[in-house]
Amino acid sequence: MRYAAIIVAAGRGTRAGGALPKQWQPIAGRPVAAWTLERFAGAELRILVVHADDRDRAAALADSSDIRVVVGGASRAASVRAGLEALADDAPDRVLIHDVARPCVTSTTIDNVLMALQDSPGAAPALPVTDALWAGRDGRVTGLVPRDGLFRAQTPQGFHYNAIRDAHRHAPPEAADDVAVALAAGLSVAIVDGSEDNLKITGPADFARAAAILERQNGH
Ligand SMILES: Nc1ccn([C@@H]2O[C@H](COP(=O)(O)OP(=O)(O)OP(=O)(O)O)[C@@H](O)[C@H]2O)c(=O)n1
Ligand SMILES: C[C@](O)(CO)[C@H](O)COP(=O)(O)O
């Protein structure tokens, strides 16, 4: 089954800070984006979606003929759509859409998504919420929120390519993830096991967390 990977990397990493957007900052000796790209080396084609200002940085990482650099958009959804349209002329059967900011994703998670796509038009990894949930305002708890049936979504979010391409063509630009786009188009999405290692580098403290996970995963 042919699958392509779209790695969305056109964000500016505002919450993470630093001299460069987070995806270009080094962890465990390499740029974040290099680690993430490597995790999807099993894909037939990898589309790296970047900000126009980062094309040169991305080209330096595109050291293989199966990596294509595409310019993204002003929202994550717009960047995903740019990646999907880049695949339209030679459509894959399946597509996995992944945040560049999640460099610690494992082959187990990727394989779980691919396997679930044998029986579902969509599949994505998630973790059940295990902490109590509160509502709060001005530093005070204002209520309790039931956690039953709630999950913390991760990526890669995988789909039958034609279905998600069509869904994104009609999606609102503010969709937080691709599962939201899929559900809006009436697609069924299976939940597969996520991993606490599959963190998204969001704030400054996440770089060290991700580096420690990568070093453990690589036996250092
Ligand atoms: N216009 C955008 C915005 C986000 N992303 C990507 O979507 C993923 C998840 O977004 P987030 O973690 O919020 O990254 P940033 O938008 O860069 O972070 P911030 O909100 O702190 O600026 C990231 O891999 C990011 O590069 C993208 O490709 N295009
Ligand atoms: C796509 C995502 O990683 C799933 O948890 C998340 O929605 C990205 O959120 P962000 O605010 O764009 O980082």
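In each ligand, atom 1 is the first atom listed, and ligand 1 is the first ligand listed.
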Would you mind telling me which of Val80, Val95, Val179, Ile6 makes a side chain to side chain contact (heavy atoms under 4.5 Å, CB included) with Ile164? Val95
Calculate, to the nearest 0.5 Å, the distance between atoms CG and CG belonging to Asp177 and Asp99 respectively. 9.0 Å
Heteroatom proximity flag, Arg12 to ligand 1, N/O under 3.5 Å: yes
As an exercise, state the distance from CD of Glu44 to CZ of Arg2, rounded to the nearest 0.5 Å. 4.0 Å
Exceeds 12 heavy-atom contacts within 6.0 angstrom, atom CG of Asn218: yes
Could you grab the distance from atom NE2 of His168 to atom CD of Glu85, nearest 0.5 Å is fine? 10.5 Å
the protein heavy atom lying closest to atom 28 (O) of ligand 1 turns out to be Ala10 N, 2.9 Å
Atom 4 (C) of ligand 1 - nearest protein heavy atom and its distance: Gly11 CA, 3.7 Å
Distances under 3.5 Å, N/O of ligand 2 against N/O of the protein: list each pair and its distance.
| residue | atom | partner | partner atom | Å |
| --- | --- | --- | --- | --- |
| ligand 2 | 3 (O) | Asp99 | OD2 | 2.6 |
| ligand 2 | 3 (O) | Arg102 | NH2 | 3.0 |
| ligand 2 | 5 (O) | Arg102 | NH2 | 3.3 |
| ligand 2 | 5 (O) | Ala153 | O | 2.8 |
| ligand 2 | 7 (O) | Ala176 | O | 3.3 |
| ligand 2 | 11 (O) | Arg15 | NH2 | 3.4 |
| ligand 2 | 13 (O) | Arg15 | NH2 | 3.2 |
| ligand 2 | 13 (O) | Lys200 | NZ | 2.6 |

Does NE2 belonging to His170 count more than 12 external heavy atoms closer than 6.0 Å? no
Flag for Asp66-Ser64: side-chain donor and acceptor within less than 3.5 Å: yes
Identify the two heavy atoms, one from Arg76 and one from Thr155, that lie closest to each other, and give their separation to 0.1 Å. NH2-CG2, 3.9 Å
Using a plain distance cutoff, I'd like to know if Ala16 has any nitrogen or oxygen under 3.5 Å from a nitrogen or oxygen of ligand 1. no
Location of contacts on Lys200 toward ligand 1, heavy atoms closer than 4.0 Å: side chain
For the side chain of Arg147 and the backbone of Thr130, is there at least one donor-acceptor N/O pair under 3.5 Å apart? yes
Got an N/O contact under 3.5 Å between Gln23 and ligand 1? no
Look at atom 8 (C) of ligand 1 and say which protein heavy atom is nearest, naming residue and atom and giving the distance to 0.1 Å. Asp99 OD1, 3.5 Å
Could you tell me the separation between the CG atom of Asn112 and the CD1 atom of Ile191, rounded to the nearest 0.5 Å? 13.0 Å
Between atom CD of Glu38 and atom OG1 of Thr36, what is the distance when rounded to the nearest 0.5 Å? 9.5 Å
Which residue owns the protein heavy atom closest to atom 20 (O) of ligand 1, what's the atom, and how far is it? Arg15 NH2, 3.0 Å
For atom 19 (P) of ligand 1, the option (of Val49, Thr14, Val8) bearing the nearest heavy atom: Thr14
Protein non-hydrogen atoms only, distance under 4.0 Å: does atom 24 (O) of ligand 1 have such a neighbour? yes
Ligand-side contact atoms (ligand 1) for residue partner Ala74, heavy atom cut-off under 4.0 Å: 1 (N)
Ala78 and ligand 1 - part of the residue with a heavy-atom distance under 4.0 Å: neither
Looking only at protein heavy atoms, which one is nearest to atom 10 (O) of ligand 1, and what is the separation? Arg76 CD, 4.7 Å
Closest to atom 2 (C) of ligand 1 among Gly72, Ser75, Pro21, Gly17 (heavy-atom distance): Ser75
Contact with ligand 1 for Lys22, non-hydrogen, under 4.0 angstrom: yes
With rounding to the nearest 0.5 Å, note down the distance linking CD1 in Ile7 to OG in Ser79. 13.0 Å
Are Phe40 and Val192 connected in a single hydrophobic cluster, I mean Ile/Leu/Val/Met/Phe/Trp/Tyr linked by side-chain heavy atoms less than 4.5 Å apart? yes
Start with the C-alpha gap between Lys22 and Asp206, add the side-chain angles, then the distance that decides, and say whether salt bridge (charged side-chain N to carboxylate O under 4.0 Å, His left out) holds. CA-CA 10 Å; Lys22 60 190 177 184; Asp206 295 328; over 6 Å; no
A student comparing Gly13, Gly73, Ala77, Ser79 should find that the heavy atom closest to atom 17 (O) of ligand 1 comes from Gly13
